[in-house]
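Structure, as structure tokens:
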Amino acid sequence: MNLQFPGQFPAYRPRRLRQSPALRRLVSETQLSAGRLVLPLFVRSGRHVRRPIAAMPGVFQLSPDELVREATRAHRAGVPAVLLFGIPEAKDNHASGAYASQGIVQRAVRLLKRELPGLLVITDVCLCEYMEHGHCGLVQRDKEGTKILNDPTLKLLARTAASHVEAGADIVAPSDMMDGRVRAIREQLDKLGFTDAPILSYAAKFASAFYGPFREAAESAPKFGDRRSYQMDSGNAAEALREVALDLQEGADIVMVKPALAYLDIIHRVKTTFGYPTAAYSVSAEYSMIKAAAAKGWIDERAVTLESLLAMRRAGADILVTYSAVDAAGWLAE
């Protein structure tokens, strides 16, 4: 941006436009609104189940009936969308629960669309929660070691995404970081006639220490190794742009950067480079650290949460995925 300075002090006084709340709002460059928020929710089988996540105060694994209650509360607060993660009753080495027609996510989607037709339902498309070993793809073991297989996994991801859309999902969001998965999903959806179903790709998903609490919530921690062979290296910004470019070429409609706060520079580069709708995922540890510090009385939870979300918007994010969505919507309405 080419800054054209209007003058010098005392002719130019920036404080003139900071004299009242109304004046500050009038000239605000970046604003938050509830309409940009997405609430992640974790669903499991059962009735009247609200299983607390110890590392994430205020977040629960919910049975479908409680899921509807939580989604209703969010929708009434002005949050337009939820992002669903499923916890299956059983796991195997082919993630069969991920694409089962009566899988937990598929059942939850049908229920949400029946009870809250105006709510946008986004489904996370991944296999880790459904795999016995906890990885996001099929595993090959031989005398040379263990390998996460890319291409054979694509068929399962495409099948999972299609089952979600068939159940009524408004948007599917692949988070696995397998190469080519957006193309595989787009081709499968189009083949089945779901040409209008959008794909929100976790395009720049980094291998991050900030995911720790989530793995408790989703019961998805890998039983061996880590995910660095498919999630991105934290130091690679140029590669993030290449990842985003590939996903857009393959048919992604929205791209996501995950995590958010430690990767604001990536959010900014993605938005300014491509101009596509861009999401930022404020991940579990970001949420938990604020909650923990607030519980100690060290910070103002409301002020820090809203400032953090504003930073994501200022960096270029159009969509904010946050576990604080309902609280933030309430604060913004005051």
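The chain is numbered in sequence order, starting from 1.
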By ring pair (Phe, Tyr, Trp, His ring centres under 6.0 Å) - contacts of Y263 (at least two apart): F206
Cation-pi check, R51 onto F60 ring (under 6.0 Å, within 45° of axis): no
Cation over ring face, K205 and Y230, 6.0 Å, 45°: no
Contact list for residues 81-92, test side-chain hydrogen bond (donor to acceptor under 3.5 Å, both in side chains), sequence neighbours left out: S45-E89, D92-S96
Salt bridge present between R69 and D65 (N-O < 4.0 angstrom): no
Ion pair R314/E29, N-O distance below 4.0 Å: no
Criterion ring-ring contact (aromatic ring centres under 6.0 Å, His included) against F214, the qualifying member of Y287, Y281, F42: F42
E250 vs R181, salt bridge (charged side-chain N to carboxylate O under 4.0 Å, His left out): CA-CA, chis, key distance, verdict: CA-CA 9 Å; E250 292 177 7; R181 88 269 203 216; over 6 Å; no
pair F224-T146: side-chain heavy atoms closer than 4.5 Å: yes
E301 and T305: side chain donor to acceptor below 3.5 Å: no
S175-D124 side chain donor-acceptor pair, cut-off 3.5 Å: yes
Salt bridge (charged side-chain N to carboxylate O under 4.0 Å, His left out) evaluation trace for R302 with D327: CA-CA 8 Å; R302 168 180 170 158; D327 285 340; over 6 Å; no
Pairs meeting criterion ring pair (Phe, Tyr, Trp, His ring centres under 6.0 Å) with involvement of residues 165-194, two or more places apart: none
hydrophobic_cluster_shared for V139 and Y99, side chain cutoff 4.5 Å: yes
Return all side-chain donor-acceptor pairs below 3.5 angstrom for residues 158-165, not counting sequence neighbours, or 'none' if the list is empty.
{"residue": "T160", "atom": "OG1", "partner": "L156", "partner atom": "O", "Å": "2.8"}
{"residue": "S163", "atom": "OG", "partner": "Q106", "partner atom": "NE2", "Å": "2.8"}
{"residue": "S163", "atom": "OG", "partner": "T160", "partner atom": "O", "Å": "2.7"}
{"residue": "H164", "atom": "ND1", "partner": "T123", "partner atom": "OG1", "Å": "2.8"}

Non-neighbouring partners of S288 that pass side-chain hydrogen bond (donor to acceptor under 3.5 Å, both in side chains), sequence neighbours left out: none
Please tabulate, one pair per line, all N/O donor-acceptor pairs under 3.5 Å involving side-chain atoms of residues 72-86, not counting sequence neighbours.
{"residue": "T72", "atom": "OG1", "partner": "V68", "partner atom": "O", "Å": "2.7"}
{"residue": "R73", "atom": "NH2", "partner": "E70", "partner atom": "OE2", "Å": "2.8"}

Matching residue for F274 among D247, V255, L241 - test: side chain to side chain contact (heavy atoms under 4.5 Å, CB included): L241
Flag, side chain of N150 to backbone of M178, donor-acceptor distance under 3.5 Å: no
